[in-house]
Amino acid sequence: MLVPEGIVIDGLSGAMAPHTGHYVKRLSDLEHVFRDEETVNATITRGGDAAVYEVVEYRKAESDLFFGTTIIHPGDVSGEFYMTRGHFHQRIDCGEVYYTQSGRGLLLLEDRAGETRTVEMLPGTCAFIPPNWAHRSINTGGDKLVFVWVCNPLAGHDYGTIAEHGMRKLVLREGDGYTLADNPAFQGHS
Ligand code: PAN
Ligand code: ZN
């Protein structure tokens with residue numbers, strides 16, 4: 001039987017107590033995510049296989065809600081900020097909510113018809129991700145970017161589409177901020 005529970009979330013570290021799962025994505029897991037694979041590989045070879053982001057989950061079988069935190073460390077690869085892999089949901093009727101706790105970032109979204117949108121991720125911003133929009137979060141600041149996400153556990157992750165084609169836009173460091181650039185490697189998806 002499912003019972004009510006209070007989960008304590010530390011908005012600065014992203015720690016959740018209790019939680020049911022945790023994973024870390026390092027540069028070596030994201031070799032093909034960044035445009036400059038050569039630098040990713042050289043960095044790893046030099047012993048610098050840094051943690052790029054972490055996900056902490058609270059998931060209960062039989063529940064229609066699934067939530068957790070994502071922590072993206074500050075950093076970049078040749079000017080391309082640390083970011084998540086990005087995905088569509090397998091179920092095209094499932095959206096999501098991202099509630100930023102600390103840090104500064106950008107939520108990059110694109111639909112299948114070619115439209116790109118961004119939502120600034122600042123503490124207190126709750127982003128609505130509509131169904132059938134690919135989403136990737138990017139840490140554009142100098143501290144950890146921490147956000148809470150909530151979705152349907154049946155939503156599922158379609159990583160293949162973005163892994164194969166990339167996203168239309170790159171988010172690059174420019175001065176103290178960021179700029180969006182067309183992704184020259186983007187080949188389109190349907
Ligand atoms: C989030 C993401 C999380 C990690 O929980 O899964 O931020 O990003 P990737 O899954 O793209 O690596 C979410 O959007 N779930 O649906
Ligand atoms: Zn998602």
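Computed from a predicted model, the values in this text were never measured in an experiment. All ligand and atom numbering here is 1-based and tracks the order in the structure.
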* Asked: Does some non-hydrogen atom of Lys25 fall short of 4.0 Å from ligand 1?
  -> no
Please determine, by modelled atom types, if His135 and Glu110 share a side-chain donor-acceptor pair under 3.5 angstrom.
no
| field | Flag side-chain contact, heavy atom, 4.5 Å: Asn152 against Glu96 | value | no
* Asked: Would you call Ser78 and Thr39 a side-chain contact if the rule is heavy atoms closer than 4.5 Å?
  -> yes
Honestly, for Arg136 the part within reach of ligand 1 (heavy atoms, under 4.0 Å) is neither
Practice prompt. Step through it carefully: locate the ring centre of Tyr159, locate the ring centre of His87, and say whether they are under 6.0 Å apart.
Written response: yes
One finds that the ligand 1 atoms under 4.0 Å from a non-hydrogen atom of Thr70 are 3 (C), 7 (O)
Tyr99 ring center near Trp149 ring center (under 6.0 Å)
no
Open item on the list: Does the residue Phe88 have a heavy-atom contact with ligand 1, meaning some pair of atoms that are separated by less than 4.0 Å?
Closed with: no
Here the pair of heavy atoms bringing Leu145 nearest to Asn139 is N-ND2, 3.4 Å
**Prompt:** Looking at ligand 1, does any of its N/O atoms fall within less than 3.5 Å of an N/O of Ser137?
**Reply:** no
Between Tyr23 and Glu57, does the side-chain hydrogen bond (donor to acceptor under 3.5 Å, both in side chains) criterion hold? Intermediate values first, please.
CA-CA 9 Å; Tyr23 68 80; Glu57 302 176 341; 5.2 Å; no
Any heavy atom of Phe147 under 4.0 Å from ligand 1? The part involved is side chain
### Message
Any heavy atom of Ala155 closer to ligand 1 than 4.0 angstrom?
### Response
no
Heavy atoms of Arg85 and Leu30 approach each other most closely as CG-CD2, 3.8 Å
The answer for which part of Phe66 has a heavy atom under 4.0 Å from ligand 1 is neither
With heavy atoms and a 4.0 Å threshold, my read on which part of Val55 contacts ligand 1 is side chain
Between His135 atom NE2 and His87 atom NE2, the angle centred on the Zn ion (ligand 2) rounds (to 10°) to 80°
| query | Between Gly86 and ligand 1, is there a nitrogen or oxygen pair with a distance under 3.5 Å? | reply | yes
The N/O/S atom of His89 lying closest to the Zn ion (ligand 2) is NE2
Task: Salt-bridge contact Asp76-Arg173 (side-chain N to carboxylate O under 4.0 Å) - done: yes
Of all N, O or S atoms in Glu96, the one closest to the Zn ion (ligand 2) is OE1
